[in-house]
S.K.: 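Following this message is one structure expressed as C-alpha cells.
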Amino acid sequence: MSFSNIQAVQKTTSAQGVNGRSRLLGVYFTHTATPATLTLKSGGSGGTTKLALTTPASAGSQDLIIPDMGILFDDGIYIAVSSAEITSVTLLFEGGAPA
C-alpha cells in the first residue's frame with residue numbers, strides 16, 4: 001500500500017500546473033470534436049516535453065493513468081494546449097505544489 005500524498009490541479013488554458021519537482025501519476029482532460037494536442041513540459045512553456053497527447057475527433061473526455069512510479073518532472077509541470085478545443089486538464093501528481 002502506498003502512503004504518498006497525491007494531489008490534483010485543474011487548468012482550462014495553457015499554464016503552469018505544478019511548481020517544483022513532482023511525479024505525474026494521471027491526466028484527465030475534456031475536449032470538443034476538433035482534434036487538438038495536449039503537451040506536458042518540465043521547465044515551463046519552453047521546457048522539455050515529457051508527454052504529448054492528441055485528442056480524438058469526437059467530443060468527450062479522456063483519462064490516462066501512468067503506470068509504475070509515474071513520469072518525473074524535475075522542474076514543475078507546464079500544461080500546453082494547442083487550442084481552446086481542450087476545455088480542461090486535471091493532473092494527478094505527488095511532490096511539488098499546485099500552481
S.K.: Where is the tightest heavy-atom contact between Tyr78 and Ser14, given as atom of each residue plus distance?
M.R.: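 So the two residues come closest at OH-CB, 3.7 Å.
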S.K.: Closest approach of Thr90 and Gln10, non-hydrogen atoms and distance?
M.R.: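 Shortest heavy-atom contact: OG1-CG, 3.6 Å.
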S.K.: Between Thr55 and Ala36, is there a donor-acceptor pair closer than 3.5 Å when you use the side chain of the first and the backbone of the second?
M.R.: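 At least one qualifying donor-acceptor pair exists.
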S.K.: Report yes if some heavy atom in the side chain of Glu85 is under 4.5 Å from a heavy atom in the side chain of His31; otherwise report no.
M.R.: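 When only atoms from C-beta onward are counted, His31 and Glu85 do not touch, as no gap falls below 4.5 Å.
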S.K.: Check Ala99 against Lys11 and note the closest heavy-atom contact, atom names and distance.
M.R.: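 Residues Ala99 and Lys11, closest heavy atoms: O-NZ, 2.9 Å.
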S.K.: If you round to the nearest 0.5 Å, how far is OG of Ser22 from CG of Asp75?
M.R.: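 It is 9.5 Å, given to the nearest 0.5 Å.
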S.K.: So, does Lys41 use its side chain to make a donor-acceptor pair with the main chain of Ser45 at under 3.5 Å?
M.R.: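 Yes, because the side chain of Lys41 sits within donor-acceptor range (under 3.5 Å) of the backbone of Ser45.
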S.K.: Please tell me if the side chains of Arg23 and Met69 come closer than 4.5 Å, counting only heavy atoms from C-beta onward.
M.R.: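 Of all side-chain heavy-atom pairs linking Met69 with Arg23, at least one is under 4.5 Å.
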S.K.: Val9: which other cluster members, linking ILVMFWY side chains closer than 4.5 Å, directly or transitively?
M.R.: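 Val9 clusters with Val18, Leu24, Val27, Phe29, Leu38, Leu40, Leu51, Leu53, Leu64, Ile66, Ile71, Phe73, Ile77, Ile79, Val81, Ile86, Val89, Leu91, Phe93.
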S.K.: List the atom of Gln7, the atom of Gly96, and the distance in Å for their closest heavy-atom pair.
M.R.: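 So the minimum-distance heavy-atom pair works out to NE2-O, 3.4 Å.
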S.K.: Excluding sequence neighbours, so at least two apart, what forms side chain to side chain contact (heavy atoms under 4.5 Å, CB included) with Ser61?
M.R.: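 Ser61 satisfies side chain to side chain contact (heavy atoms under 4.5 Å, CB included) with Tyr28, Thr30 once adjacent residues are dropped.
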S.K.: Output yes when a side-chain donor or acceptor of Ser82 lies under 3.5 Å from a complementary backbone atom of Thr37, and no otherwise.
M.R.: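 Such a contact is found between Ser82 side chain and Thr37 backbone.
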